[in-house]
Amino acid sequence: AYMSVWNGKPESILVDMAQLPTAPNKLLPWLVITGPVFEECGGKEGIPNEAVINEMEKVLDATGSMLRGATAAKLVGTVTRNCTRLNYYYVRDTTAVRHAINRMYTNTYAGYKYELKIKQDPDWKIYRTFLYPDSATQCWMACVKQIAAIGPSKDVLASDQNIFFTLFFPNAAARSEFELVAERQGYKTKKTALVQGITPLFEIEIARPLRLAVDSILANEATLKTLAAQYKGHYKGWNIPQINR
């Protein structure tokens, strides 16, 4: 799950990232986009509140059952915005799809407004370029997930913590040059090690006090990735050992 912006307003996107290695599925060349539209949804800037989301999910559960009864289908994502919740399905055949969904609303959800779009997308372009997060968004998602896994207290969130960043370099000289530059930028070296493998890598772990917040961590990650690349190094990740113990 991640947030994006649509016409200047927020949208929430849920995506099945596990579909990417096998996309496109040539057996499912059609894209069906459908879901309920509410006049009011109780949330801020068109994002529905929990009660409305629950109601929308009931409609979409019925939609999925109806759709799979009409053709082979794969749900790949959901977009919520502007008091609308849309499911994105790739399907084999569309002959009975429009009639099935229209019948479902007529018989079960009479009076509900809804969207229904059907288009050819044999390359799964919408999934790969719209629903699937880009590299920057994936970094944001990973950072949010890691902070949540740490489960920090309010006190931890309110104060700076020593956050450690780990990087690898192809040789000791490159690591030493990076270390000097990093220290001039305010980072402190915690330890260095040699990582054995087919090609040995020279590890360095550096730290600096930061707020445990996505923006500050991502800003430091971006700086370190750019700096490390100058010495043929690679960024691995961040951690807070004293909190995780």
Side-chain angles (χ1 to χ4, degrees), residues 1-7 9-36 43 45-48 50 53-54 56-68 71-82 84-92 94 97 115-152 165-166 168 212-222 224-225 234-239 244:
Y2 64 96
M3 298 297 295
S4 186
V5 177
W6 176 79
N7 285 350
K9 291 185 177 181
E11 64 179 2
S12 173
I13 298 178
L14 296 170
V15 59
D16 182 358
M17 296 176 70
Q19 296 301 315
L20 187 65
T22 57
N25 183 339
K26 295 299 185 181
L27 297 177
L28 306 174
W30 291 89
L31 177 64
V32 175
I33 305 170
T34 188
E45 298 187 88
I47 298 296
E50 184 176 357
I53 286 288
N54 290 338
M56 288 177 163
E57 281 301 302
K58 291 178 183 177
V59 178
L60 288 172
D61 285 345
T63 302
S65 297
M66 183 69 71
L67 193 61
R68 285 185 286 273
T71 183
K74 173 67 69 174
L75 174 63
V76 297
T78 301
V79 176
T80 305
R81 64 186 179 211
N82 201 30
T84 303
R85 192 166 176 87
L86 301 174
N87 273 0
Y88 285 65
Y89 302 90
Y90 281 96
V91 304
R92 177 179 296 172
T94 61
V97 166
E115 284 192 22
L116 175 58
K117 298 178 182 177
I118 302 174
K119 60 177 69 178
Q120 279 189 305
D121 188 13
D123 295 327
W124 285 35
K125 183 177 179 181
I126 298 299
Y127 169 76
R128 293 184 295 104
T129 64
F130 169 60
L131 291 173
Y132 199 87
D134 59 21
S135 58
T137 302
Q138 289 183 55
C139 288
W140 179 87
M141 293 167 68
C143 191
V144 169
K145 184 177 180 179
Q146 188 168 348
I147 290 174
I150 292 172
F165 301 91
T166 303
F168 293 101
L212 188 57
V214 174
D215 290 347
S216 62
I217 292 173
L218 291 184
N220 278 267
E221 284 189 332
L224 293 173
K225 288 176 182 178
H234 299 279
Y235 175 78
K236 180 183 178 183
W238 64 272
N239 205 349
N244 287 344

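Atom CE of M56 is separated from atom OG1 of T84 by 6.0 Å, given to the nearest 0.5 angstrom. Interatomic distance, Q146 CD to N239 CG, rounded to the nearest 0.5 Å: 6.0 Å. Going from atom OH of Y2 over to atom CD of E11 covers 7.5 Å, rounded to the nearest 0.5 Å. Remark: Q120 CD to L31 CG distance equals 11.0 Å, nearest 0.5 Å. The line from NZ of K119 to CH2 of W30 is 11.5 Å long, rounded to the nearest 0.5 Å. Put simply, CD1 on I126 and CG on L131 are 7.5 Å apart, with the number rounded to the nearest 0.5 Å.
When all heavy atoms of C139 and K225 are compared, the pair lying nearest together is SG-NZ, 3.6 Å. Taking every heavy atom of both residues into account, P122 and P24 meet most closely at O-CB, 3.2 Å. Heavy atoms only, all atoms of each residue included: P133 and Q138 are closest at O-NE2, 3.0 Å. Considering every non-hydrogen atom in both S12 and I47, the closest pair reads N-CD1, 4.1 Å. Between L14 and A1, the shortest heavy-atom distance links the atoms CD2-CB, 3.3 Å.
With contacts defined as side-chain heavy-atom distances shorter than 4.5 Å, the pair N54/E57 does not qualify. Using a 4.5 Å heavy-atom threshold, the side chains of S4 and R81 count as separate. When side chains are defined from C-beta on, L75 does not count as touching D16, because their heavy atoms never get closer than 4.5 Å. No side-chain heavy atom of Y127 sits less than 4.5 Å from a side-chain heavy atom of D121. The shortest side-chain heavy-atom distance between T63 and N87 does not fall under the 4.5 Å cut-off. Side-chain contact check for I147 versus I217: some heavy-atom pair is nearer than 4.5 Å. Contact of the N25 side chain with the Q19 side chain is not registered, since no non-hydrogen atoms from C-beta on lie closer than 4.5 Å. When side chains are defined from C-beta on, I53 counts as touching T80, because their heavy atoms get closer than 4.5 Å.
Ring-plane geometry between F165 and Y235 is classed as tilted, the angle between the planes lying from 30 to 60 degrees on a 0 to 90 degree scale.
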Worked verdict on L218 versus E221 for side chain to side chain contact (heavy atoms under 4.5 Å, CB included): CA-CA 5 Å; L218 291 184; E221 284 189 332; 3.3 Å; yes
Test side chain to side chain contact (heavy atoms under 4.5 Å, CB included) applied to W6 and V79, step by step: CA-CA 10 Å; W6 176 79; V79 176; over 6 Å; no
I'd like to know whether R85 forms a side chain to side chain contact (heavy atoms under 4.5 Å, CB included) with T78, so could you lay out the CA-CA distance, the side-chain angles of the two residues, the decisive distance to 0.1 Å, and finally the verdict. CA-CA 7 Å; R85 192 166 176 87; T78 301; 3.8 Å; yes
Could you please spell out the steps behind the side chain to side chain contact (heavy atoms under 4.5 Å, CB included) verdict for V15 and Y88? CA-CA 9 Å; V15 59; Y88 285 65; over 6 Å; no
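In this structure, S216 contributes its side chain and L212 its backbone to no donor-acceptor pair below 3.5 Å. Side chain of W124 to backbone of L28: a donor-acceptor contact under 3.5 angstrom is found.
Shown are T34, V32, I33; of these, the side-chain contact (heavy atoms from CB on, under 4.5 Å) with I118 is made only by V32.
In the displayed structure, K145 atom NZ is contacted under 6.0 Å by at most 12 heavy atoms of other residues, nucleotides or ligands.
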